[in-house]
Amino acid sequence: MPDYQREYVWGERDAKGERGEEVEQFLKDIHSEFEEATKDDAPEYFIGTIVVCPGKDGVFDLIDGQQRSTTSFLTLCALRDMISELDGQVPPTLKAQIAAADMNWKGETVERMRLDLQYEDASGVLVDYGTGKGLKARRDGTRSIRNLAGAYDTIREFLTVQFPDDPNGLRQFLGYFTNKVKLIRIETPNISRALKIFETINDRGVGLDAMDLLKNLLFMNAKEDDFVKLKDTWRSLTQAIYDAREKPLRFLRYYLMATYDVEGQLREEDIYEWLTKNEKQTKHGSDPIGFAQRLRDGAVAYLNFTNGKTVAGHLDNGIMNTQALGGTAVKQHLVLLLAGRHLPPALFSRLTRQVEELMFVWLIAGIPTKDYERSITQAARKLRHVEGEPTFTAFVEEFFVRQKNEHRQAFTTKLTSLRAWDMRKFRLRYLMAKLTRHFDVLAYGEAGRESLTHYLETKNDIEHILAQGADDEAKAEFGEGATDVELINRLGNLMLVEAAVNRVIKNVAYSKKALAYPKSQFLLARCQASAMAVGVGDKITQAAQRLNPAPVWNKAAIEARQQWIAEAATEVWGLGPAPVAAAAS
């Protein structure tokens, strides 16, 4: 296995820690055919093709078919180990199928594994499995070593279930595996031809995805002397994507949309075809190493973005806030961050705040993903050419301000009718945290409130002012609608407050809650029931005057407060100043 090959990835764990099913499916398919065998005959099972070319010392270099070949080798090792453990009667032919012996010019016998991984991530590790160490083989270390160990364990578990304490059954399966499981080996005279056949077999992503085909394309266009450099660049690229817990194709798609002129919607299945038609833009053919290095730099930036950081690795509140409002599913905004990664720090920080605000406007206004993704792609083309303050300000006006104004009505209309169950809990918490922080900053300044972290902490609750489990006194005081579940879950009935405060007032009447609200650190909660004045014209008083204290709490007060929140939100998320609200009565 040449050192420029990608890592062994079958069975790799996903972001949730669940292992992929490729290895088990590989065995299930073969075992299904094995069960069709009769006393006199058995069906053959075809597992595909491999592409090889002559390497050093008469050993083939494997260009295509790594995952199947490695899994097959591990299966042979697991069968040998399990048979040995059960009755020790390992078929003598199996040893030769795992390792080969040869004589060098000195007359010395040299043994080598039938499959040897040359890339650094797993170099030599198959020797552990090939020589019978099995469960004692190395397991910690690189991504490949962990995946190889996981595949070996999966194979053993599968065989244990199918052939419990049955060495004869294992030998029969081994016989089927080595005689009836077939593949086609395509041998080429040199690596260039092998890479070309690899591309032809996997044209348009049939069999492999665009990321694998792109790697092959780069090696096809690189000089053989540059393979090591290209291999190292590609490894660091894929490691960054892996560390970001991202799908390689999604990153590649976003990178292309952010970096080049992509017309329309670029689907994952169309990526490779787009690359082959746009070499003039990408220069992946004329400068494969340069393209790979730029792609790697993009992946490193992308990794930083997924960790709430800038290109330089500094925490950024705009990026972290966007993660808080979007969860793990909303990622299209990363296209804009990739497109703007060349901006100086101050402008990039302004970009991330604009991205956060617009993403929330789109999500609340209910703009379909395909529509705002199209807008993002178009904006990315212009953002790449923004260089300084004047052009950046013009870009903000042309794109962000225009988009916000376009969806302002839908945004405010949705907020005036929003209920707690209309959005995911994490997004509702973001909404309440952002609103609460805004008025705290107006009153007390940015210091200590630069991020939403303090407001998003679990020690803070989203309080139902009229509690869902309100006591009889609270219901009587509230009046009509006190048991209306929809009314109780209206946005206007929600408030962010410290858990310690909420525990004291959870189900009691509003008149009693009004005495506890001033104990909160949050201005919005402190001024819920009555206005607070510290002086004349000071910032705290000015901020408090922007709020809408409600001396009594009833259906009208909930509706008035929700309307006020919808209007205040236009200022909080940068759609323009909100009017000063009159107190509810």
Side-chain angles (χ1 to χ4, degrees), residues 2 4-7 9 51 63-64 66 191-224 226-227 229-242 244 246-303 331-332 334-339 341-342 370 373-374 376-378 380-381 383-385:
Y4 53 80
Q5 283 279 25
R6 68 168 176 163
E7 302 88 347
V9 296
V51 180
I63 306 303
D64 184 25
Q66 176 193 173
I191 189 171
S192 297
R193 289 300 304 161
L195 291 169
K196 184 61 180 176
I197 289 175
F198 171 93
E199 179 190 41
T200 303
I201 291 174
N202 296 284
D203 187 30
R204 294 180 60 83
V206 179
L208 291 182
D209 62 35
M211 200 73 178
D212 294 313
L213 293 170
L214 171 59
K215 177 186 176 183
N216 177 73
L217 194 61
L218 296 179
F219 275 101
M220 283 178 60
N221 288 285
K223 298 176 182 178
E224 203 161 337
D226 291 332
F227 276 14
K229 187 175 183 179
L230 183 53
K231 170 205 68 176
D232 291 340
T233 302
W234 193 266
R235 179 179 291 112
S236 58
L237 155 68
T238 54
Q239 186 63 46
I241 299 172
Y242 176 76
E246 183 56 279
K247 297 176 181 178
L249 278 186
R250 177 151 53 196
F251 161 73
L252 181 57
R253 178 170 173 263
Y254 285 177
Y255 175 83
L256 296 176
M257 291 163 60
T259 311
Y260 304 105
D261 292 338
V262 176
E263 298 291 343
Q265 298 288 98
L266 179 61
R267 298 178 300 178
E268 289 186 356
E269 59 265 34
D270 297 331
I271 289 176
Y272 186 67
E273 182 179 8
W274 185 91
L275 283 165
T276 59
K277 293 180 177 180
N278 287 275
E279 199 281 333
K280 289 184 178 180
Q281 284 196 70
T282 65
K283 303 292 190 295
H284 64 261
S286 58
D287 183 19
I289 290 180
F291 176 82
Q293 290 172 336
R294 293 189 294 274
L295 190 61
R296 175 204 58 201
D297 293 344
V300 172
Y302 193 92
L303 171 59
K331 295 188 175 183
Q332 291 83 355
L334 295 171
V335 174
L336 285 173
L337 301 188
L338 284 170
R341 65 188 185 276
H342 65 286
K370 61 181 179 63
E373 185 176 282
R374 186 181 301 111
I376 285 173
T377 303
Q378 294 170 351
R381 295 181 65 170
L383 181 56
R384 292 198 301 272
H385 304 293

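Remember, it's a predicted structure, so these values are computed and weren't measured experimentally. The basis for the numbers below is simple: all heavy atoms, side chains too, and nothing from hydrogens, waters or symmetry mates.
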Going by side chain to side chain contact (heavy atoms under 4.5 Å, CB included), name the residues that satisfy it together with A299, two or more places apart in sequence or in a different chain. L237, A240, I241, F251

Under the side-chain hydrogen bond (donor to acceptor under 3.5 Å, both in side chains) test, residues paired with E268 that sit two or more places apart: none

Would T238 and Y242 satisfy side-chain contact (heavy atoms from CB on, under 4.5 Å), going step by step from the backbone distance to the final call? CA-CA 6 Å; T238 54; Y242 176 76; over 6 Å; no

Nearest heavy-atom neighbours spanning L230 and A292: CD1-CB, 3.6 Å

Where do F227 and A222 come nearest, in terms of heavy atoms and distance? CE1-O, 3.8 Å

Steps toward side-chain contact (heavy atoms from CB on, under 4.5 Å) verdict (L256, L275): CA-CA 9 Å; L256 296 176; L275 283 165; 4.1 Å; yes

My understanding is that only residues two or more places apart in sequence, or in another chain, count here; which of them pass side chain to side chain contact (heavy atoms under 4.5 Å, CB included) with S286? E279, K283

So do R341 and L338 actually touch side chain to side chain, heavy atoms under 4.5 Å? yes

Salt bridge (Lys or Arg N to Asp or Glu O under 4.0 Å) pairs, two or more places apart, involving residues 291-302: D287-R294

Of all the heavy-atom pairs spanning T377 and V262, show the shortest one and how long it is. CG2-O, 4.0 Å

Are D64 and N216 close enough, and set up right, to give a side-chain contact (heavy atoms from CB on, under 4.5 Å), and what steps lead you there? CA-CA 10 Å; D64 184 25; N216 177 73; over 6 Å; no

Once side chain to side chain contact (heavy atoms under 4.5 Å, CB included) is applied, do any residues pair with K370, and if so which ones, sequence neighbours excluded? Q265, P368

If the condition is side chain to side chain contact (heavy atoms under 4.5 Å, CB included), which residues does D226 pass it with, not counting sequence neighbours? K223, I289

Just how far is it from atom CG of L214 to atom OG1 of T276, taken to the nearest 0.5 Å? 11.0 Å

Could you state the interatomic distance from CG (L217) to NE2 (H284), rounded to the nearest 0.5 Å? 4.5 Å

Residues V335 and A258: closest non-hydrogen pair is O-CB, 3.3 Å

Under the rule for salt bridge (Lys or Arg N to Asp or Glu O under 4.0 Å), what residues qualify as partners of R374, not counting sequence neighbours? D371

side-chain contact (heavy atoms from CB on, under 4.5 Å) evaluation trace for W234 with M211: CA-CA 11 Å; W234 193 266; M211 200 73 178; 4.1 Å; yes

Atom pair CD1/CG of I271 and L252 - distance to nearest 0.5 Å: 4.5 Å

Measuring from atom CG of L249 to atom CZ of R267, what distance do you get when rounded to the nearest 0.5 angstrom? 13.5 Å

How about F219 and I63: do any of their side-chain heavy atoms sit closer than 4.5 Å? no

Are side-chain heavy atoms of N278 and W274 found at a separation under 4.5 Å? yes

So, D232 and R235, do they make that salt bridge, N to O below 4.0 Å? yes

Residue pairs fulfilling side-chain hydrogen bond (donor to acceptor under 3.5 Å, both in side chains) with at least one residue in residues 247-261, sequence neighbours excluded: E246-R250, R253-E373, D261-R381, D261-R384

